[in-house]
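A, B, ... follow the sequence lines: proteins, then strands. Residue 1 opens every chain.
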Amino acid sequence: MIPHNLVYYRPSSLEEAVAAYREADEAGLDTFYYGGGTEILTFARRGNLKPGAVIDIKHIPECMALREEGGRCLFGAGLPLNAVIEGGSFPLLSRAAVIVDHTVRNRLSLGGNIAGRLPYRETVLPFLLADAEARLVGPDGERGVPLREVFDRRLKLESGELLISLSVPRAITETPWFYRRRVRKTRLDYPVLTACFVKVEGQIRAATTAAFGFPVWSPRFDDVLNDGAIPVSERPARAIDAAGLRIADNARASAAYRRALLESAIGEALDALL
Amino acid sequence: MITYREYVALSLHINGEDRRVVVRPADTLLHVLRDGLGLTGTKVGCENGDCGACTVLVDGQPVKSCMVLAVEMEGSEITTIEGLHDTAIQRAFIQENGFQCGYCTSGFIVNAYALLKAHPNPDSDTIRTWLEGNLCRCTGYEGIERAVKAV
Amino acid sequence: MPDVSGSEYRYLGRSIPRKDGPDKVSGKLRYADDVHPPGCLHAALLTSPHAHAKILSIDGTAAGAAPGVRAVVTGQDFPILLGLYLGDTPPLARGKVRHFGEPVAAVIADTPYQARAALDLVRVEYEQLPVVHSPREALASDAPIIHEAMASYVHIPPIHPEPESNVANRTRIRKGDVDAALAEADVVVSLDFDFPPGDHVAMEPRAAIAEIRADGTVVIRSSTQAPFVVRALMSTFFGIPIGKIVIEGPPIGGGFGGKAGIQLEGLAYLLSRSVGGRPVRLVNSREDDLVASPGHIGLQATVKLGATRDGKLVAADLLYLFDSGGYADYAVNMSRAGAIAAPGPYNVPNIRTDSLCVYTNHPFATAYRGFGHEVFYPVERAMDELAAELGMDPVVLRARNAIRPGDLSPTQSVMDPNTGDLARCLERAAEMIGWEDGSRIDLGGGRVRARGISAFWKAPAMPTNTDAGVVLTFNEDGSANLSSGIIEIGQGTYTGVAQIVAERFGMSPDMVHVSPEIQTHRAPHDWATAASRSLFMVGRAALAAADDAIDQIKRTASAPLRCSVEELAVADGRVYVRDDPDHGLALRDVVLGYVYPDGNAIGGQVIGRGNYIARGLTDIDAYTGEGHPALEWTIGAQAVEVEVDLRDGSYEVLKAVCAMDVGEVINPALARAQVVGGMAMSLGFSTTEGYVFDRRGRVENAVLRDFKIPRYGEHPVYDVDFVRTPQGDGPYGARGLGEQGVLGIPGAFANAVSRAIGRPVNRLPITPERIWSTLHEDTEGGEP
Ligand SMILES: Cc1cc2nc3c(=O)[nH]c(=O)nc-3n(C[C@H](O)[C@H](O)[C@H](O)COP(=O)(O)OP(=O)(O)OC[C@H]3O[C@@H](n4cnc5c(N)ncnc54)[C@H](O)[C@@H]3O)c2cc1C
Ligand code: FES
Ligand code: FES
């Protein structure tokens, strides 16, 4: 039950969405684009968020697109994760989107997972590795940017900006990949560690989340993984050190345990991909 | 563009019937089903997406009704436990002792019903994928597993 | 499930489908919160963000002025203390808060969301106090005192609170001479254990809807396992004449003990009183249910066992520190029940048990399936360490010490001939788990499979005068209506009791109707639907009621049939002459009085009455524990198989089995379901559950997303078998089995993991990280 009432907008085009945002914002309402709504409702019911207005993006065709065009695979930000998984055009993404449970995945959206407050943002990992382009629209119009330019730990949107879709080159979706997700005990839980790996043109790329508390893709990390001068067995530990980030340490898992799991995941990935 | 403020006289299509109900835009579907429409077969276990007691079908797909707003449901076909009558999965739950206290049962049956529509002969992995979002504290899931596999 | 017994019976021993099935699978069964009285107001609770703090001020003015709000109340409005055995609990915190999540204020409003929204406007100022994080800390000489006014608390005589300390109760068992026996023992093991408090997580959050009628009658619809306990306590604490209190008990969505005390009812009544008696609905959010309402008790323990070289136990020296949390509730009796049962179903000549119920600043504890019998987990772990020391098979060690008829229980009462057969249970459990194939198998690649075993027993922990009653009335078609005071909590007792009556009448259980709800002013008195005693005691009362009804039927029928009462029999919906079965009457022509063809009527309606009261139970001695507190012991053994990955500690529970001596089995499928459900719950508590506290005693996982209970697909293969040493005085020889399934699992599971990794794991829950860190400790053995 959501204690505080809110205004609900259902635009059917990007222009309407941006207009709705402007209207609600000018009325002084705390306004949110609304994908699956699972995070907004979870926070709102406990009073951690008091949305004054929500803008449901699920009736905007661009946000619900799932297609291939011009050698790229495109994923609308409003798509529920089950649609992304069943779409199947990007196997690593289909794997990484297996979070929460099947029923929630019928609503929980790709964009919400990437733009949300919860720090895991697991579905962004494959995009970080795949030279993704993000399409955004806001008060200043639409733009397309490399995802890595607008994603640093979290998605850096301008005020009132909406993530429309993400696209990746078809070729990268076909490269070899490796995936590991570890939990405290129950599979249906936030991760203690999620790691994605791809091999593009002979080079391994890695992205992780939860291990360092948020999604991380680091060129220094990748450099160690691919450094022929370092014995393979030493690369996991060296790569983690090279990232230069503190490993998360909380009730879900200690830093020491996370580190052990991460080292073993990297080791397995190197075995699989080298 | 549709905009709803304050109160909304909403039309919902539920269990094959058209129902009109006044809601706040902030009301979850769960709240409206139970308190607005008297469909109390859908249960409240957490209101947080974690237990599945509130599962209903939206256009045939299982959805946790505590995690959607009622205003999102316009134009969708909603099926609650009250919309299922003597189906094979309901009979199997009785036959195989798929419940004890029965509080989780509506959610499990609705979800399992959709599962069996989508996958008439699901393997164990598929069953787990679909059903792991529903919690049961009484049965240890043994009878539930038997019931789904018996259909 | 094949029918495994009952060849001599027509309906007993058969897995007939449950009576509540059709309503449950169609969503039509109405639980407490599915029905609201017209004009019902809605309450919401503001809870404490601190574990231990002084309340400096509460200001509800702004909340009171919010839209739809009818009242804002705080602890100051209700200067009384409630409690089951020990009156220590204010309905809303007064002066200070003693645990995270403790309710400090309530808002009553026209709608649930208005009540919830207004909570934000209640201003509370706290001053934080030092936090007591564990029972061991609570006993330190400089520990903060959590209940300063304990000396003034009212309590029942068998409870022994110790004012100026944090000890709410202390139970002593003294049998033989432990010090001498330990000094002479060939082998002694001593170990420390602990597990955190947690929660029942019944899927239905607690609910109470109260109103006060114009004539002063208080009506409360509640998700309760114990409507008569609630009624009695409401009368005592609020001075309401008991006949003016009506508790409505609909079926509940899981109880597990968590709904067996007085929970929301007292507060709901006070809230209704604050708004002139209008109906007020007080329903827990899941978060409130997790920490504001009571949960599962925590435990710290030190266990010392002594044995001879050939494996005979000579002494058990046991210290149990139960973590009651901020209030005592059932915990003062659970610590006592645990002491009575420790060390388990073994013949140990010398026992010294000190079992303390200790206040801490954790969310408080109440009854939980097993009721204090968590005491076996430390003992059973220690038994495995003892077996290792002795170089003896753990199954053999346990069987060698099995308690038998004629042995003395820990409270020194003589075990009667009904005593279950532990040796047989151990043998069956070992067979089912595949013990003979070796209890530890190295699968290579860092993977190990291992098995662990554990014994257990339990008697109902209940007042010495616990009773039950059944009334049978009849309908025009000859069918019967069964009325009792028990609540359908999921255990299927309504079906089981109907089977018992059906058996006696020789008629189909379909002809025995049981209403899904009870009301205390209509139903026969009953102590509570708890302690696994329902089927035993209500079953006995049902038999008596059936016999009473049958006598009346025969008396009425004897006139038109022109024979003596002794010559008649009842079966198949008829009363007939035993030697001439064709000569008889349909029950439908007798149960509401027999009418002769000329219109004359005789006999009147049949009303069968039956009751049962526990016999010969005594309280135990405060200094030695001597006494006869146990009605019937249900004994059994459980075993668990795990597969552990030694590299990272991840594991899977592959199989869990239970062999239990339950006497006769009334309904095999329901019995098995109860046992499996218990095992599942216990596996949850052993593997993932329990509160996680931060440094200030706040619960970090007070939301179901983070409080992990087992999910579909994580369940192992279960196997259950029943051994049948009849319970002479049980209904058709049956004993209770509703709780026993939980008892041996923690020990068996911890033993399996410990064997797999070659090191003792003595803290629960056993997560992969705990296994990993145990393996990576430099020091041999001990836990961090
Ligand atoms: C039961 C459960 C379990 C979960 N477990 C996990 C897990 O294991 N791993 C994990 O990573 N996450 C998990 N999550 C949470 C998840 O990360 C986010 O809460 C969820 O993905 C949000 O998706 P949504 O579509 O429901 O978002 P919404 O609630 O719709 O939105 C979330 C936020 O993102 C913003 N937003 C949404 N869409 C857009 C868009 N297109 N453009 C710009 N901003 C947008 C919203 O304004 C809001 O601030 C879980 C959630 C639930 C309910
Ligand atoms: S009530 Fe909706 S998932 Fe629990
Ligand atoms: S039957 Fe009680 S929770 Fe599933």
Would you say [X] has more than 12 foreign heavy atoms packed within less than 6.0 Å of its [atom1]?
X: F75(A); atom1: CZ; answer: yes
X: E16(A); atom1: CD; answer: yes
X: D271(A); atom1: CG; answer: yes

Would you check if the side chain of [X] reaches a backbone N or O of [Y] as a donor-acceptor pair within less than 3.5 Å?
X: R24(B); Y: P3(A); result: yes
X: R10(A); Y: V71(B); result: yes
X: R45(A); Y: E47(B); result: yes

Between N82(A), T42(A), I40(A), who has the most heavy-atom pairs with chain B when the cutoff is under 4.5 Å?
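Most heavy-atom pairs under 4.5 Å with chain B: T42(A).
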Under a 4.5 Å heavy-atom cutoff, which of V54(A), T38(A), T103(A) has the most pairs with chain B?
T103(A)
Given a strict heavy-atom distance threshold of 4.5 Å, which part of [X] is in contact with chain A: side chain, backbone, both, or neither?
X: D27(B); value: neither
X: V68(B); value: both
X: T3(B); value: both

Less than 4.5 Å apart, side chain to side chain, heavy atoms only: is that true for [X] and [Y]?
X: L69(B); Y: L41(A); answer: yes
X: H59(A); Y: I2(B); answer: no
X: E132(B); Y: R187(A); answer: yes

So for A19(A), is it side chain, backbone, both, or neither that comes closer than 4.5 Å to the heavy atoms of chain B?
neither
Where do G133(B) and L188(A) come nearest, in terms of heavy atoms and distance?
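So the two residues come closest at CA-CD2, 4.3 Å.
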Tightest non-hydrogen contact, residues N5(A) and P25(B), listed as OD1-CD, 3.4 Å
For a side chain to side chain contact (heavy atoms under 4.5 Å, CB included) check, start with the C-alpha distance between T129(B) and R105(A), then their side-chain angles and the critical distance, and finish with the verdict.
CA-CA 11 Å; T129(B) 296; R105(A) 286 200 303 266; 3.7 Å; yes
One should read off an interatomic distance between I55(A) CD1 and M1(B) CE, to the nearest 0.5 angstrom, of 8.0 Å
